[in-house]
Amino acid sequence: MKKVKIAILGFGNVGTGVWKILLENKKEIMKRSNYEIEVAKILIKDINKKRDIIVSKEILTDNIDDIINDESIKIVVELIGGCDDAKEYMIRVMKAKKHIVTANKLVIANWSDELFKIAEKEKVLFYYEASVAGGIPIIREINESLTANRIQQIIGIINGTTNYILSKMTNDGISFDEALKEAQEKGYAEADPTSDVDGYDAVYKLAIMASLSFGTKINHDAIYREGIRNISSLDIKYAKKFGYTIKLLAIAKEESNKLELRVHPTLVPTIHPMANVNDVFNSIMIKGNAVGELMLYGRGAGDLPTGSAVVGDIISILRNNVKPSDVSDASEQSNLKEIKKSEENESKFYIRLNINNKVGVLRDVAKVFAENNISIISVTEDVRHDDYAPLAFITHKSSEKNIKNSLEKIKWLENINKIESIIRIESFN
Ligand code: NDP
Ligand code: HSE
């Protein structure tokens, strides 16, 4: 049996997951890769930190040079996260002619062009399956299984932390803060959870998937983004009443060579399978012009699911069945596509107002909507308080521009205290 030495940069949630899988599935991995894998070095930040998994002192290092300068190490797995050090280490690793596996969407979404070019120049492989949707093999699906298709649409729940929070708020009635704490304890959240909660993590993942799917380089700054911080238990309750569940969706659609790209909380019909993707699970629906609709489902975060994707990439490198150019698809696309402005997008909307408890308010609001060509499907008014009441609407499909113009007028109507929530509705057609 041939032997290969690898190094792991980072021994946190995912790094330890990779270690456990290499140990637990050693026999299967040997059989499938034809190699016995030895973890020769593990890079960590704090050498004195107490760790749940004990590894020999010779393996642990806090100096990247111990890995770069070790010619016997052939593959390096980057799992430290963040951007500056991670990017610098990956470049140095490739220049030292070692293959790279990473789970770092932040680096891929920002610098894939530069990194893939270096990989090509240095003739090393660069794999990043775990960077999108944890254990779901979505990158291979797009790059290999679906290459016969023109991809028309991707709709996904691609952040485990926010899906965990929304599921717990919806199904168990716990608060946002409690649910976030649980997600952090389970190792789902990023080191800085604002990246999850404010939608940045999903934006990076959508940029990676959409670049590969639509054959164009997508700058993640061009993706419309809203996080879940403002979702209240009242919105969850009203959404249920109207027959919907609130999810953070990442949406990419191509129509007439124009791309619609957005990440935001969305009302999903409760009977749709996406509404029933709970906890840390992710799900991605892809529509291709040949295959039609396809739906993938699995754990989007966590040590072993993410480790599964990382170790799968290591085995692929050992089998060496993909040429470097096959994984650099996105960087080769010079065909830039136009991205629609968010005002051009259309959907149904859920809107919740806080109004004074007076006669005629509903009539005044409906009048403004009508003037802006927006028709209302349903209205619900719940418990009236002595002097105020919540009022929620579902509209027919309308342009974001018309909704924005209406709300700008509604805000100034007599007896409107506040526009509390505006959430888009996805109809999946
Ligand atoms: P953790 O914070 O749990 O672990 C980070 C590890 O990297 C720690 O061992 C830390 O060392 C080490 N480290 C951090 N910075 C440095 C540095 N500058 N130099 C050397 N070592 C460093 O992160 P995760 O395992 O959760 O995430 C790792 C990567 O995987 C990220 O890119 C993340 O986005 C991605 N990912 C994470 C998923 C998850 O479920 N957690 C799922 C999919 C992708 P020390 O132990 O000494 O502190
Ligand atoms: N923080 C990320 C999530 C990890 O919650 O989905 C997986 O990329």
Side-chain angles (χ1 to χ4, degrees), residues 157-186 188-189 193-202 225-250 263-283 300-301 347-357 361-362 365 376-395 403 407 410-411 416-426:
I157 293 172
I158 52 175
N159 181 268
T161 302
T162 45
N163 201 44
Y164 187 87
I165 295 172
L166 290 173
S167 303
K168 291 284 164 186
M169 287 172 73
T170 304
N171 303 329
D172 303 348
I174 70 171
S175 73
F176 176 94
D177 290 332
E178 280 174 284
L180 172 59
K181 193 164 164 270
E182 281 183 19
Q184 286 175 302
E185 283 163 5
K186 288 174 186 281
Y188 305 150
T194 52
S195 179
D196 297 299
V197 169
D198 292 331
Y200 292 99
D201 178 82
R225 177 193 54 80
E226 265 178 46
I228 64 161
R229 267 183 218 279
N230 295 329
I231 300 299
S232 73
S233 51
L234 210 51
D235 292 319
I236 290 173
K237 180 178 147 192
Y238 283 149
K240 250 188 212 169
K241 250 181 140 176
F242 284 126
Y244 294 97
T245 304
I246 302 181
K247 294 286 176 193
L248 183 77
L249 291 192
V263 167
H264 49 68
T266 313
L267 262 65
V268 175
T270 302
I271 49 165
H272 193 276
M274 260 309 162
N276 298 295
V277 174
N278 285 314
D279 299 337
V280 74
F281 282 89
N282 282 193
S283 180
S347 61
K348 291 184 189 173
F349 280 83
Y350 157 92
I351 296 162
R352 178 165 64 85
L353 308 175
N354 178 318
I355 61 168
N356 284 337
N357 212 345
V361 185
L362 180 56
V365 170
I376 295 167
I377 304 178
S378 314
V379 181
T380 183
E381 211 181 345
D382 209 20
V383 188
R384 279 183 171 255
H385 301 266
D386 285 348
D387 52 354
Y388 75 94
L391 181 67
F393 301 87
I394 299 283
T395 73
I403 292 285
L407 292 174
I410 287 170
K411 176 166 98 175
I416 300 293
N417 297 324
K418 199 174 172 201
I419 297 166
E420 301 273 13
S421 318
I422 310 159
I423 309 178
R424 293 162 188 81
I425 299 174
E426 180 57 45

Close side-chain approach of Lys186 and Val280, heavy atoms under 4.5 Å | no

Out of curiosity, Ile228 CD1 to Leu248 CG, how far, rounded to the nearest 0.5 Å?
-> 7.0 Å

State whether the side chain of Thr266 and the backbone N or O of Val268 hold a donor-acceptor pair below 3.5 Å, judged by distance alone.
-> no

Can you find a pair of side-chain heavy atoms, one from Pro390 and one from Tyr238, that are under 4.5 Å apart?
-> yes

Ignoring hydrogens and geometry, is there a side-chain-to-backbone donor-acceptor pair from Asn163 to Asp279 under 3.5 Å?
-> yes

Using modelled atom types only, decide if a donor and an acceptor are shared between the side chain of Thr245 and the backbone of Thr270 within a distance under 3.5 Å.
-> no

Within a strict 4.5 Å, meaning less than it, do heavy atoms of the Ile416 and Leu353 side chains meet?
-> yes

Please name the residue in the list Leu267, Thr395, Ile422 that meets the side chain to side chain contact (heavy atoms under 4.5 Å, CB included) test with Tyr350.
-> Leu267

Begin with the C-alpha distance, continue with both residues' side-chain angles, and end with the deciding distance and a verdict on side-chain contact (heavy atoms from CB on, under 4.5 Å) for Glu182 and Ile174.
-> CA-CA 11 Å; Glu182 281 183 19; Ile174 70 171; 3.8 Å; yes

Ion pair present between Glu426 and Lys247, side-chain N to carboxylate O less than 4.0 angstrom?
-> no

Any Phe393 side-chain heavy atom under 4.5 Å of Leu391 side chain | yes

Locate the shortest heavy-atom distance separating Ile165 from Phe176; write the atom from each residue and the value.
-> CG2-CD1, 3.8 Å

So with a 6.0 Å cut-off around CG of Asn230, is the heavy-atom count from everything else above 12?
-> no

Atom CG of Leu180 and atom OG1 of Thr162: how far apart are they, to the nearest 0.5 Å?
-> 10.5 Å

Taking every heavy atom of Pro265 against every heavy atom of Gly227, the minimum-distance pair comes out as CG-O, 3.2 Å

Where is the tightest heavy-atom contact between Ser283 and Met274, given as atom of each residue plus distance?
-> O-CE, 3.7 Å

With rounding to the nearest 0.5 Å, note down the distance linking CD1 in Ile394 to CZ in Phe242.
-> 4.5 Å

Spacing of CE belonging to Met169 relative to NZ belonging to Lys237, to within rounding of 0.5 Å | 14.0 Å

Considering all heavy atoms of both residues, which atom of Gly199 and which atom of Arg225 are nearest to each other, and what is their separation?
-> C-CD, 3.9 Å

Can you check whether Glu420 reaches Ser232 side chain to side chain, under 4.5 Å on heavy atoms?
-> no

What are the two closest heavy atoms between Ala179 and Lys168, and how far apart are they?
-> CB-CB, 3.9 Å

Side chain proximity check, Val277 to Asn282, heavy atoms < 4.5 angstrom | no

Side-chain ion pair, Arg229 and Asp198, N-O less than 4.0 Å | yes

Might you point out which heavy atoms bring Lys240 and Thr170 nearest each other, and give the distance in Å?
-> NZ-O, 3.4 Å

Would one find more than 12 heavy atoms of other residues, nucleotides or ligands at under 6.0 Å from atom CZ of Phe281?
-> yes

One should read off an interatomic distance between Tyr244 OH and Ile425 CD1, to the nearest 0.5 angstrom, of 4.5 Å

Got a second to check how far Leu166's CG is from Ile236's CD1, nearest 0.5 Å?
-> 6.0 Å

Going by heavy atoms in the side chains, are Thr161 and Asp201 under 4.5 Å from each other?
-> no

